[in-house]
Every structure is written in structure tokens, then in C-alpha cells.
Amino acid sequence: MTRPHSAPKFSATANRVNGLDKLAVSERVAELERLPGASLMQRTTRKLTLTVEGELFLERGRRILGEAAEARAEIAERRGSLSGPLRVAGPIGFGTLHLGRILSEFLKAHPGIELTVDLDDRFIDVAADGYDAVIRHGPVEDSRLIAKPLASSRRLLVAAPSYLGEHGTPSSLRELGDACAILYSNRAADWRFRSREGETILRPRACLRVNNGIMMREAAIAGLGIALLPTFFIDAELASGSLRVVDVGAEAEGAQLFVAYPRNRSTSAKVTALLAHLKHAIGSPPLWG
């Protein structure tokens with residue numbers, strides 16, 4: 001019985017491994033198959049396919065290698081240095097604007113760490129996808145994760161002077177309802193505000209929906225509409241005047257920036273060091289003002 005998972009040919013594998021030729025790789029695989037006494041691959045003239053036993057062996061082998069790497073890292077940590085792999089995920093916009101510098105400084109302080117950073121605005125299943133930590137803007141509702149706050153994040157209504165000059169500047173929530181909105185498509189299409197009268201939920205008229213904050217910002221700068229954006233996206237644009245704050249007499253609902261990591265793993269010294277570095281680098285109040 002086989003699965004559709006295909007393995008590379010021995011010649012291709014040998015080309016990627018220094019010092020091994022096709023025959024050596026073939027002998028290594030044969031040796032692996034003798035240990036469990038079962039065929040791990042089904043061979044045809046065109047491809048190699050893992051058997052059910054091969055899939056199981058591969059999964060367990062990866063787990064063993066991962067645990068070995070963790071053991072080496074733990075020994076290094078006990079000696080006072082941090083080393084080994086560290087996988088981190090985060091949102092594209094925040095990562096592009098701020099994480100590059102922050103994590104470069106982290107690696108300079110801990111050169112033994114092998115850091116992998118994946119940026120994605122979609123939901124990341126931290127535990128299932130094998131990440132050590134994830135940075136999230138907004139609530140962390142996964143009970144499998146422990147979330148630590150990094151900073152509060154304000155959201156502001158902003159628009160380009162060209163848009164406001166052509167369409168007028170809304171001065172109330174009622175007037176805002178008639179504006180053309182640039183919306184973030186990964187969340188509910190509503191804007192929430194707090195004022196002395198309480199909470200107001202507004203469903204604005206969308207002129208653009210996009211799943212990336214930087215593209216939302218650029219659309220607002222181009223005069224396409226009004227956007228509700230975190231301040232870490234727009235501090236430079238507000239300072240330069242390419243965007244202006246739209247004051248409607250109510251404060252937009254803010255959010256928290258978190259670092260989250262799997263609950264079922266012991267917190268490694270690498271994750272602890274990462275959390276401390278992020279808190280220090282972002283500061284309080286946060287570096288984006």
C-alpha cells in the first residue's frame with residue numbers, strides 16, 4: 001500500500017548531499033530498510049513513493065532529529081549561550097516595517113540561534129505548523145497557546161488630503177457612514193468606536209477590501225478612501241502629511257500586540273530571550289508613538 005507522497009530520485013538526492021554518490025545513497029536507504037524489516041519505498045522507473053511504513057518512519061525520524069536539536073540547544077543554554085533553531089511567524093505588515101531591524105539585533109546578541117521567520121497575514125496554527133512562537137496583532141483565542149502582551153496598539157482613521165479635499169472631511173460617525181472605506185478583509189467588516197455615549201459599531205461602505213495593511217495604507221495615500229489603521233503603519237505618513245487623521249469625535253477600538261507560544265511545550269530559553277528582546281526593542285510607550 002502506498003501514499004501519493006513521492007520521494008526524490010537517488011541521483012537527485014545524492015547531488016544535494018556533499019560527498020555521496022547515487023550508489024551510496026541507495027546503500028543507505030537499503031540499510032534503513034533492513035532495520036525495521038519493511039520496505040520504506042516503492043520504486044518505479046520514474047519515481048520513488050513512500051509506503052505507509054515509510055511515511056511512519058519519516059515522521060518518527062523527523063521527530064527524533066528535532067528532539068536531538070532541542071537537546072543540543074538545551075545543553076548550550078545550560079552553558080550560558082543560546083543556540084539551535086528558532087521558528088517565528090508574524091504578520092506581513094508589522095514584520096516588514098519593524099521586525100527586520102528588531103530581529104537583526106536579536107541575532108547579533110545571540111549568533112548561535114538559527115532563526116527562521118515566516119510572514120503571513122493569514123491565521124497561523126502555531127502548534128500544528130511547528131512554530132516556536134508567533135507575533136499577533138489582535139486577540140489570541142487559541143487555548144493551546146500562552147500569549148504574552150508586547151504593546152498596546154491604537155488605530156486611527158486616516159485619509160489622503162486629496163480624498164478629503166474632493167469628498168469632504170467627516171466630523172461625526174453619521175457622516176463617516178457615507179464615506180468610501182478601505183477595509184481589512186481578514187477581519188469582520190465593521191469599525192468599532194467608543195465615545196461618551198458608549199460603543200458604536202459601524203459597517204462602512206467598502207471601496208476596497210485587502211488582506212494587507214501596507215497595501216491599505218498605500219491605497220489611502222493614493223486617495224482611494226478612508227482607512228482604519230494601526231499607528232505602527234502610519235507614523236511616518238502622518239508626520240509627512242501624506243495622510244491626515246480623520247476626527248469623528250470617537251476613539252476607534254484598539255488592539256494588543258502579542259507573542260504566543262505552544263502551551264504543551266516547556267518554554268525554552270530562546271523563546272524567553274526573544275520575548276524579552278521584543279519588549280525592550282518595542283518599548284513602552286511603543287517606538288511608533
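Side chains included, hydrogens not; waters and symmetry mates left out as well; all remaining heavy atoms used.
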Under the side-chain contact (heavy atoms from CB on, under 4.5 Å) rule, collect the residues that match up with [X], sequence neighbours excluded.
X	answer
Glu114	Pro85
Thr200	Leu173
Pro230	His137, Ser153, Phe232, Phe233
Glu105	Arg101, His277

Residues which pass ring-ring contact (aromatic ring centres under 6.0 Å, His included) with His280, listed by chain and number, not counting sequence neighbours:
none
Taking only residues two or more places apart in sequence or in another chain, which ones pass ring-ring contact (aromatic ring centres under 6.0 Å, His included) with His110?
Phe106
Are [Y] and [X] co-members of a hydrophobic cluster defined by side-chain heavy atoms under 4.5 Å apart?
X	Y	result
Leu275	Leu115	yes
Leu229	Ile226	no
Val259	Leu97	yes
Val88	Leu119	yes
Ile201	Leu157	no

Working note: Leu224 + Tyr163, criterion side-chain contact (heavy atoms from CB on, under 4.5 Å); need CA distance, chi angles, decisive distance, verdict.
CA-CA 7 Å; Leu224 296 183; Tyr163 174 87; over 6 Å; no
Looking only at heavy atoms, what is the nearest atom pair of [X] and [Y], with distance?
X	Y	answer
Ala220	Ile182	N-CD1, 3.5 Å
Pro170	Leu164	CD-CD2, 4.4 Å
Gly138	Phe258	O-CD1, 3.2 Å
Leu145	Ala260	CD1-CB, 4.1 Å
Ala252	Leu228	CB-CD1, 3.6 Å
Ala151	Gln256	O-OE1, 3.4 Å

Could you please spell out the steps behind the salt bridge (Lys or Arg N to Asp or Glu O under 4.0 Å) verdict for Arg263 and Asp142?
CA-CA 10 Å; Arg263 184 180 296 275; Asp142 191 335; over 6 Å; no
Name all residues meeting the side-chain hydrogen bond (donor to acceptor under 3.5 Å, both in side chains) criterion together with Asp118; count only those two or more places apart in sequence or in a different chain, and write none if there are none.
Arg87, Tyr131
Quiz: residues 188-199 side-chain donor-acceptor pairs under 3.5 angstrom, not counting sequence neighbours:
{"residue": "Ser195", "atom": "OG", "partner": "Glu197", "partner atom": "N", "Å": "3.4"}
{"residue": "Ser195", "atom": "OG", "partner": "Glu197", "partner atom": "OE1", "Å": "3.2"}

Apply side-chain contact (heavy atoms from CB on, under 4.5 Å) to His98 and Leu287, showing your working.
CA-CA 10 Å; His98 298 290; Leu287 59 89; 3.7 Å; yes
Under the ring-ring contact (aromatic ring centres under 6.0 Å, His included) definition, can you give me all pairs with a residue in residues 196-227, not counting sequence neighbours?
none
Taking only residues two or more places apart in sequence or in another chain, which ones pass salt bridge (Lys or Arg N to Asp or Glu O under 4.0 Å) with Asp121?
none
If you measure from CD1 on Ile234 to CG on Leu156, what distance do you get to the nearest 0.5 Å?
5.0 Å
State the CG-CG distance between Leu278 and Leu150, to the nearest 0.5 angstrom.
5.5 Å
Return all side-chain donor-acceptor pairs below 3.5 angstrom for residues 236-248, not counting sequence neighbours, or 'none' if the list is empty.
{"residue": "Ser240", "atom": "OG", "partner": "Ala236", "partner atom": "O", "Å": "3.3"}
{"residue": "Ser240", "atom": "OG", "partner": "Glu237", "partner atom": "O", "Å": "3.1"}
{"residue": "Ser240", "atom": "OG", "partner": "Ser242", "partner atom": "N", "Å": "3.4"}
{"residue": "Ser240", "atom": "OG", "partner": "Ser242", "partner atom": "OG", "Å": "3.2"}
{"residue": "Ser242", "atom": "OG", "partner": "Glu237", "partner atom": "O", "Å": "3.4"}
{"residue": "Asp247", "atom": "OD1", "partner": "Gly249", "partner atom": "N", "Å": "2.9"}

Verdict with reasoning, Asp132 to Lys270, per side-chain contact (heavy atoms from CB on, under 4.5 Å)
CA-CA 9 Å; Asp132 297 293; Lys270 288 177 291 186; 5.9 Å; no
Please list all pairs passing the side chain to side chain donor-acceptor pair (under 3.5 Å) test where one or both residues lie in residues 174-184, with sequence neighbours left out.
Ser171-Glu175, Tyr184-Asn186
With side-chain contact (heavy atoms from CB on, under 4.5 Å) as the criterion, how do Ile282 and Leu257 come out once you've worked through the C-alpha distance, each side chain's angles and the decisive distance to 0.1 Å?
CA-CA 10 Å; Ile282 291 173; Leu257 197 67; 4.1 Å; yes
